[in-house]
Structure formats: C-alpha cells, structure tokens
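First up is the structure itself, then whatever we jot down about it.
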Amino acid sequence: MRIAAADPDTTGTERGLLTPERRPSGYREYGDRDVDAVHGIRTLLAAGLNSAAIAEILPGLPLPGQRQAGPTCPELLEGLARERARITRQMDELAAARAILDAIMGAEAPSEVIRTPRA
C-alpha cells in the first residue's frame, strides 16, 4: 500500500522522522515501510515521547512481522530504558493524583486531612 499526502503533519515528516519520495506535483509519497513507521511514531507520541527520542528509537523498532529488537541494539535498549523510566514516573504521579481525587470524592467531612505523597 502506498499513500500520498499533502499534509506532512499527520505523518511525522515535518519532525524529520520520515523521508518520503516527492512526486512532480509536490505531494509526498509514502511506501509500506513509511506507513508502518507512522504507526510506531503515533504510538510513541501517544506514550509522551518527543521527536528527538523517537528519532533515536525509531530505527531500531521492528516492522510488523519482524522479530522484536533485542540486545543486539544497545542504543535502542538505552533509549527505551530511559523512556520507560520516565513513563513509570509519570504513571506513579498520575496514580497519586487519582488517589487524592478518590480521597476527596470519598471524604465524609471537609475536616479530613488529605496528605500528598512526597518524593
């Protein structure tokens, strides 16, 4: 499947993550590999990674049908470990915020003291 797009913002081209071919009309043409990369980019963006981190990680991501990347790609593993730790910290902060909301919603009297966890 090949796609052509006039709007690079939806593909990550403007972020320098893809390098599609150009048609004479000026449209960018994306091949199957680009489409697979877009799925990976969108997943990583949804996870909160920035373009610089994605640019570092993207070359090591396996395409659909390929085996998972392994220890043969240490740069990928280092980048993933950093991002995983960041996501875990963010999840912990969100869980603490949810606990505070749960406590507020379940509080029977306004005089109850709600303590926030300190890092």
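Side-chain N or O atoms of R22 include one that pairs as donor or acceptor with a backbone N or O of G26 at under 3.5 Å. Using modelled atom types, one side-chain atom of D34 and one backbone atom of G31 make a donor-acceptor pair closer than 3.5 Å.
Rounding to the nearest 0.5 Å places CD of E29 at 4.5 Å from CZ of R23. Between M105 atom CE and R98 atom CZ the span is 10.5 Å, to the nearest 0.5 Å.
R86 is linked by a side chain to side chain contact (heavy atoms under 4.5 Å, CB included) to L49, E83, R89, Q90, counting only residues two or more places apart in sequence or in another chain.
For the pair L18 and A37, the tightest heavy-atom approach, listed with the atom from each and the gap, is CD2-CB, 3.7 Å.
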Can L45 and N50 be said to form a side chain to side chain contact (heavy atoms under 4.5 Å, CB included), step by step? CA-CA 7 Å; L45 286 170; N50 63 34; over 6 Å; no
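A continuous path of hydrophobic side-chain contacts links L44 to M91 [ILVMFWY only; heavy atoms under 4.5 Å].
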